[in-house]
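Counting begins at 1 with the first residue of the sequence. Side chains included, hydrogens not; waters and symmetry mates left out as well; all remaining heavy atoms used. Just so we're clear, the structure is a prediction, and the values are computed from it rather than from any experiment. As the structure lists them, so they are numbered: ligands from 1, and atoms in each ligand from 1.
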Amino acid sequence: MSKTQPPEAIDAALAAGQRVFGENRVQEAQSRWGGRRGDLAGLELRLIGPLQTNKAADAVALFDVIETLDRVKLADALAAAGARVGKTVRVLVQVNTGAEPQKAGVLPGDVGDLIARARAASLIVEGLMCIPPADEAPGPHFALLRKIARRHGLGTLSMGMSGDYETAIRFGATHVRVGSSLFGERKGPETPSID
Ligand SMILES: *Cc1c(COP(=O)(O)O)cnc(C)c1O
């Protein structure tokens with residue numbers, strides 16, 4: 001997760017061999033990655049933040065995978081944007097496993113319909129993504145996501161952040177979204193390690 005990181009931090013990650021980066025805002029990602037995109041072999045950019053339909057074209061142009069498909073209208077906008085530039089759009093469906101009213105993501109019971117609609121629109125649905133409720137044990141949410149993915153024959157599971165990625169891996173995560181524990185933004189003599 002390279003969101004909010006300064007160029008030196010990105011350079012250090014690239015020098016260490018990291019090639020897959022997540023961003024949560026289209027414009028911020030454009031300014032961070034637009035200039036680097038051309039000369040980095042194997043770079044993969046993934047959008048992991050909410051996406052408005054009016055930014056679908058920009059997102060399709062910049063990102064390799066959009067992890068936050070959560071509604072039919074967005075599926076249609078992404079498909080249209082991809083068709084205009086001849087790009088196959090790869091997505092994950094974001095699932096609101098805790099059915100939290102304030103949180104993005106499709107409800108577990110509606111995942112099948114959204115996948116069907118996305119596939120009909122020629123999007124490549126590679127898997128599912130979730131952000132469990134902050135105040136609950138994440139394990140049951142990861143288990144639910146895996147169960148829904150299996151039901152639909154999906155192989156990619158994006159789940160787990162700095163605080164819970166080990167649990168997520170135990171539950172089958174193929175992608176963990178680690179930011180602060182990798183870039184160390186909370187490091188410092190006064191601040192305890194997040195471990
Ligand atoms: C920022 C962010 C992360 C990374 O969180 P950390 O706790 O810093 O690892 C993971 N997923 C999403 C959706 C994020 O926005």
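Both the backbone and the side chain of Arg177 come within contact range of ligand 1, each with a heavy atom under 4.0 Å. Contact annotation for Val178 and ligand 1: only backbone heavy atoms (N, CA, C, O) come within less than 4.0 Å of the ligand. Neither the backbone nor the side chain of Leu182 has a heavy atom within less than 4.0 Å of ligand 1.
Put simply, the side chain of Arg19 gets close to the backbone of Leu14: a donor and an acceptor are under 3.5 Å apart. Using modelled atom types, no side-chain atom of Asp70 and backbone atom of Gln94 make a donor-acceptor pair closer than 3.5 Å.
The residue from Glu126, His175, Arg177 that alone fulfils the side-chain hydrogen bond (donor to acceptor under 3.5 Å, both in side chains) condition with Ser158 is Arg177.
Under the 4.0 Å criterion applied to side-chain N and carboxylate O atoms, Asp11 and Arg36 are assigned as salt-bridge partners.
Within ligand 1, counting atoms from 1 as listed, the ones closer than 4.0 Å to a heavy atom of Ser162 are 6 (P), 7 (O), 8 (O), 9 (O). Close contacts between ligand 1 and Ser180 involve ligand atoms 6 (P), 7 (O), 8 (O), 9 (O) [criterion: under 4.0 Å to a heavy atom]. When each atom of ligand 1 is checked for a heavy atom of Ile48 under 4.0 Å away, the hits are 12 (C), 13 (C), 14 (C), 15 (O). For ligand 1, the atoms lying closer than 4.0 Å to a non-hydrogen atom of Ile131 are 13 (C).
Scanning all heavy atoms of the two residues, the minimum distance from Lys3 to Arg32 falls at CA-NH1, 3.5 Å.
In the candidate list Met1, Lys3, Met161, Lys3 is nearest to atom 15 (O) of ligand 1, counting heavy atoms.
A distance of 10.0 Å separates CG in Leu144 from CE in Met159, rounded to the nearest 0.5 Å.
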